[in-house]
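Convention: sequence-line order gives letters A, B, ...; per-chain numbering from 1.
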Amino acid sequence: MARTVIPFGPQHPVFPEPIQLKLECEDERIVGVVPVIGYISRGIEKAAELNPFRNNIFLCERVCGICSFMHALCYCQGIEDMMKVEVPSRARFLRVFWAELSRMHSHLLWLGLLADSFGFESLFMQVWRAREIILDISEMTSGHRIIQSTNVIGGVRRDIDEEMAQKVEEMLAQFKELADRSILPTILNDPTIKERTVGKGILTKEQAELLAAVGPTLRGSGVASDMRMTEYAAYKEIGFEPIVETAGDSYARTLVRVKEIYQSLDIILKALSMMPEGDIAVRVTGRPEGEVVSRVEQPRGELIYYVKGNGTANLERLKIGTPTFANIPSLLVMLPGCELADVPVITLSIDPCIACCER
Amino acid sequence: MAIIFIAAIVVTPFIGGLLRGIDRKLTAHMQGRIGPPIQQPFYDIIKLFSKSQIITTRSPLLLVYGYLLFIVAAVVLFALKQDLLMLILVLGVADVLLVMGSFSTRSPYSQIGSNRELLQMFSYEPILILASIAIYMETGSFLISRIQQPLLPTLWPVYLALLIALIILMRKSPFDISASEHAHQEIVRGIFTEYSGLYLGLIELAHWYELVLVLAVISLLWTAGVWPGILLALFSWFIVLIIDNINARLTWSWMIRTSWVAGIGLSILNIIGLRLFGG
Amino acid sequence: MNWIARSRAKSPWLLHYDCGSCNGCDIEILACLTPLYDIERFGIVNMGNPKHADILLVTGPANHPNYRVLKNLYEQMPEPKVVVVVGSCGCTGGVFHNCPNILGGIDKVIPVDVYVPGCAAKPEAIIDGVVLALEKLKNGK
Amino acid sequence: MTASLIGIAILFPFAAGFVCLTLKNHKARAGVVFLSAIVLIATSILFFSQGTFPLGYTPSHEWDMAIFVLDYLLMAYFLYLGLNDFFRNGIKIRNVSTIGLVLVQAISLALFEFSWAPELPITVEPALFIDHLSLIMCLIICIIGSLICIYGIKYMQDHEKHLGLEKTKQNWFFFYMVMFLGAMNGIVFANNILWLYFFWEVTTLCCYALIRHDETPEAIESGFRALWMNLIGGVGFVVAIILAFNSYGTLSLITLISNPTPFLLLPLAFLFLAALTKSAQVPFQGWLLGAMVAPVPVSALLHSSTMVKAGVYLAVRIAPAFWGTSLSAMIAVFGGFTFMAAAILAISQSEAKRVLAYSTISNLGLIILCAGINTPLAITAAIMLIIFHAISKGLLFLCVGNIEHNIWSKNIEDMQGLVRRLPLITGITIAGMISMLLAPFGVLISKWAAIEAAGASASLLSPLILLFLVIGSAATTVFWVKWIGRFLSEVPSTEGLKMEPFSPLYHTPVMLLIGGAVVLSILIAPVYNWLVSPAVGTFYLTTVSTQSWFFRSAIGCFVAWPLFIVLAAALVVPSLFVKTKPERIRAAYMCGENVEYDTPQFRSVADDKFELQLGGVYLEEDLGEKKLDKWFKVIALIILLVLFVVVLV
Amino acid sequence: MPWMLPTIMKNLFSRPVTRRYPYVKRPPFPEARGKLHFDTEKCNLCGACSRICPANAIIVDKEGRTIKYNPFACIYCGNCVEGCPKKAITMDILYSPPAIQKEEEVITFPPSTK
């Protein structure tokens, strides 16, 4: 039978970022996939050894613009661990606030892209319209729409006062109203969306565990694993239950993320209401020495920073383990057997972040 | 006759372009946006005509003219109230030439797009032919000039089937699989990938003709006076816009299933009905 | 002539290519398409296909594998075309200036017409940049 | 004059065939083939211009006797073939069914002739009857068949060179090829059903011999399959003869047709069975697909002017006899089903000749459908389809043969971008496909007439027929266009086209054929007036007028020549305007990872260059032979069964 | 299917949410991070900002008494603002405008009075 071998990417309208999938199809059925990564490899890990360790925060924030806060958080928590710094509890709550805010923004962004990948333009527009509210909150509280840049070693750089908290709550209510009205019912009920996602790209629980999937990809397959269960930052006080779906297909992963948007909304409101008074940062002096592994739950899954310091201003080694990289093996299991039209949907269902993946 | 001839060639693209402009405006409003000005399609086409030409291979360029000319021929045939079935076959010629054109470059996406376009033809052509036969059964002739009575009361299942064909022909969700209006799709504008500049403009122009032609065919279902037919066509067009905005794009296998089961099924049932209960 | 210039300025189609940015500018470009900013008001459509595009929006600094992709894409765009670089890292290298795999700004690979600074550039800035580019496009470059 | 022309048309090919058989020298044999081709073409044209039709002609009674004897000799030979295979290879479906069917045929014919028939041999006045339908068939056979034989001269040389044969078998090849034409002329001229039956069996013999020509196991298997499947038709023929004679007392075909009675339906149904085995309709399509192992001229001959056309000729010939009956409607359903089934199966085929074979089966189904609809417009469509299909299909087979001898492959996927490597022959092939596929060419005008006729048909089954018709024609578009797409799929290049060397024996026949297809399509009105209209008019009231060369029926109108002007404009205008300068040429879009503009490669894993591969759509999983073939056969058998039940009731 | 229908109908019959940007400008939030301004009065050209700038966007020339600030390299993080011992750097709430040429901004200081 005639075989088609085509490049899918790097410049492809489905992917905002460059990645190539070398697809082999028969008719339009995928029989083989080879991912080609490295298009946006910048060498951040190496560059981090050249910079002073405090400047690395800004570099880590720009590993990935969508989850920039998480990268900085993970890096700062690692350094704080290494230097035995006790972060003030208000700072920990603020970190949760921004972390969940960027999770919401990331999931909404992804939901829009998913809608666009199966040609549901009006849903894409609705989702991104709702997302603008979240970005406004981000700009209002941190000074920038996406790159919040509020982490420092020892705490956070900005505070949220009463008035601002009030405003945030109002805006979140506005967001919730919009999401409840137009986004949620469509995703839960629309038969054409289900046609495109249900049963597409199935990853069983066993496969997910074997291939070390992380994040919503893993939780969509029925494994309750979430780094927030390790109770970093203020998750212990706020309390956290992971969201799990069992079907393991694209729709399950979609549901996990949609539910997480609502969960994050609750966590943000809780964090705002429970936020204790106090300092937002402690002054950290000295230089990092030793090695440490720091883990946080990024919107896409588990993010790992391995940091090794040698007592100088520069780090000896920084290693970043990103969730997209961990999810690519699962993607390669999901894709064969599907149709070409499903490739964007399934690929997006792991929420690939190539910038993270390739650093 | 000469006046109709020239009017059909000259006026049709303006109507088509205007409809496209309103289409984009309405779609934008449905999505909560302002959208481009209504004359936007004309800006687009003039810009496309003025771009420098880059080409891959020669044959697509030759075939694009054929595509345009045959669609114009079909429009003229309609304006002169000729045979409806022949008109559909001529429309088929135009589409085949387009597909051949984008097959002519060894480019992954234009080939996949052409394959899909073929499957689209596979889906909508039977519906159009059956519709022409159903119209024949009511009027006793395939000639458009013989249609004098409102057909919608007896041919409403055919009308529903034609709506499916209209979605496919307007390249709208859920059947915009060969080259979508929505840019973020898996085959990069599929069938149009390798066309650029002037030739993309010609294709766009042909689309305007095609849009008006297909709407005109739908308007045949209600020919009491001028306005009811036009209103019916515009109503169908608006329905398609709404369907476009409330659906995800589906796969080609789903498209063939739907258009065959629903489209052909409805048309055939209608024809059986006409056969059994008079007509 | 006047009509052509007018139409060119009224109907710029975009091609977006991410050359290695952090994603921040990319999603801001996408955000420009969405209801709040809606650059389709200016006739701008995100095409995703170099052969249909008039404006190449590049984000991020150039690196080795991207270098040739960017060149290919630029070559496949028909004249008149303009290149808009979005983000500080695409303009000069920015925060990635000392990363080992980075060649530097996009202007080391293809001629750049408009630089949009920012990290990440705001949608407003991107719209301003594209409007600047339209002037160039109007005159047929 | 006419008598001698008839004699030449039938007997000369037999004689020329025997001469070919004895000649060992290639050049002399080629000369004989060439000569007989010219004689046949001249004969048919003279016949067309001289004769007044319809005319009856009865040769002397010795011929009746000769045919009576030869009939049994032929059956004896078939029996020998079956037994020979049985003793060599043991029990197999092919030899058992051959032996069984021959015995049934021989015994029932013998019983009939020796015990029931009043005289021996049964004579009919006139023995030969020639009207415009026969004349059209004769023109097709003589002109297209002869061109194929001429093409065969060079083709078989190359073919045997490629196979590396030491001893040429071309004398046998041309013996059967040329004789085939004579037998076909016999079929279309015969009025005595016994004569018709004899020539019918001769074509079966020729077909069998030509299919197994290469003597590979597959060829032998396919040859036997063709033999026994056609013998089923032979049995149908014998039964029809007996029944017709029983209820009518005569074997004059023309008498049967012009005086239809309800008694006649059963013999007609059996004649139809014979016709549809010969025309390889589903469920008997197996033999024609198997026949694809034969050399290309054989396929071309079988598909365009001989063999399968005999079947549809018979169907169209006997159509007036079952006008308005339920048999007619069932025949239309049967034909329509074949049209659809074969077109759908063709989509999943990747071998060029199999696609062509399915397309033939499909088009023959359409002709039978038209015969079944049985209105003047439908019969017009059927006859025009016979003409135009013969030209285009003969052409396409010859083209594929030529392509095969250039690339040594028959797989469609290997023909990618052939338009650059072999521009001349590929261009002609594409033109030939377009003539099968697009309005305003003859095949599409016929299809248009068929659809309108089906729509206008008063039968209660017409919605079913329409369903088959629309799905079938949509599927037809798919498999042709995707093949054309393979041809066209070329890589950007700054070099101009270079024509391949012109080879007269290869290229002249195809050029004549494509010229014929185009000219006849443009001249559809005169063609209709001179040929088709009288042929239809023998038994029907013609309803088509050709005022200002529009093809105008009572219910519709096809304007062919204005569309040709559009087509001409579509070819001329761009060639004036489109200028390709080398500096404007760019690579195809490959997501930015194209390597060079003139290589179909992209960069991928580990920065390596990878070949871009593009396969067509085959829908193997949904519409593949494996999945659908058996269902189609079952449904067709059921339709056939219903057909006979309807006739009996 | 109809689940999106209420939303699009509501959108169709209400005013679009689009902000007509170049004509209607929304003021940025007061906390927004934008272009840098150097206060020549307060600055003593110590070079701390240059050392801690992650993007190498500030080059301090002590002898020539100039600061070269490249807005096309600046990542608007605010690190220099916080790190300046004299609090001589402030951040505008407006972004740097796009330009056709990458021009560095050169801030020249009056000659030293000490």
Worksheet entry | Polar side-chain atom of B:Arg249 near backbone of A:Phe120 as donor-acceptor pair, under 3.5 Å | no

Worksheet item: For A:Phe15, is it the side chain, the backbone, both, or neither that has a heavy atom closer than 4.5 Å to a heavy atom of chain B?
Response: neither

Worksheet item: How long is the span from the CG atom in B:Asn245 to the CG atom in A:Leu123, to the nearest 0.5 Å?
Response: 11.0 Å

Fill in: A:Phe325 atom CZ, neighbour heavy-atom count above 12 within 6.0 Å
no

Worksheet, complete the sentence: CD1 of B:Ile242 to OG of A:Ser122, rounded to nearest 0.5 Å, is 11.0 Å

Item to complete: Report the distance from atom CD of A:Glu28 to atom OG of B:Ser253, rounding to the nearest 0.5 Å.
Response: 9.0 Å

Practice prompt. Please say whether more than 12 non-hydrogen atoms of neighbouring residues, nucleotides or ligands are located less than 6.0 Å from NZ in B:Lys25.
Written response: yes

Practice prompt. Identify which of A:Thr4, A:Thr186, A:Val5, A:Leu340 forms the greatest number of heavy-atom pairs closer than 4.5 Å to chain B.
Written response: A:Leu340

Practice prompt. Name the region of A:Pro7, side chain, backbone, both or neither, that has any atom closer than 4.5 Å to a heavy atom of chain B.
Written response: both

Worksheet item: Got a second to check how far B:Asn247's CG is from A:Asp190's CG, nearest 0.5 Å?
Response: 6.0 Å

Discussion item. Check the orientation of A:Phe8 and B:Tyr109. Use parallel for under 30°, tilted for 30 to 60°, and perpendicular for over 60°.
Written reply: tilted

Worksheet item: Roughly how far, to the nearest 0.5 Å, is CD of A:Gln126 from CD of B:Gln31?
Response: 8.5 Å

Worksheet entry | Smallest separation among heavy atoms of B:Thr251 and A:Asp342, with atom names | CG2-OD1, 4.1 Å

Practice prompt. Kindly compute the distance separating OG1 (B:Thr27) from CE (A:Met125), expressed to the nearest 0.5 Å.
Written response: 10.0 Å

Worksheet item: Take atom NZ in A:Lys194; do more than 12 heavy atoms of anything else shown fall under 6.0 Å from it?
Response: yes

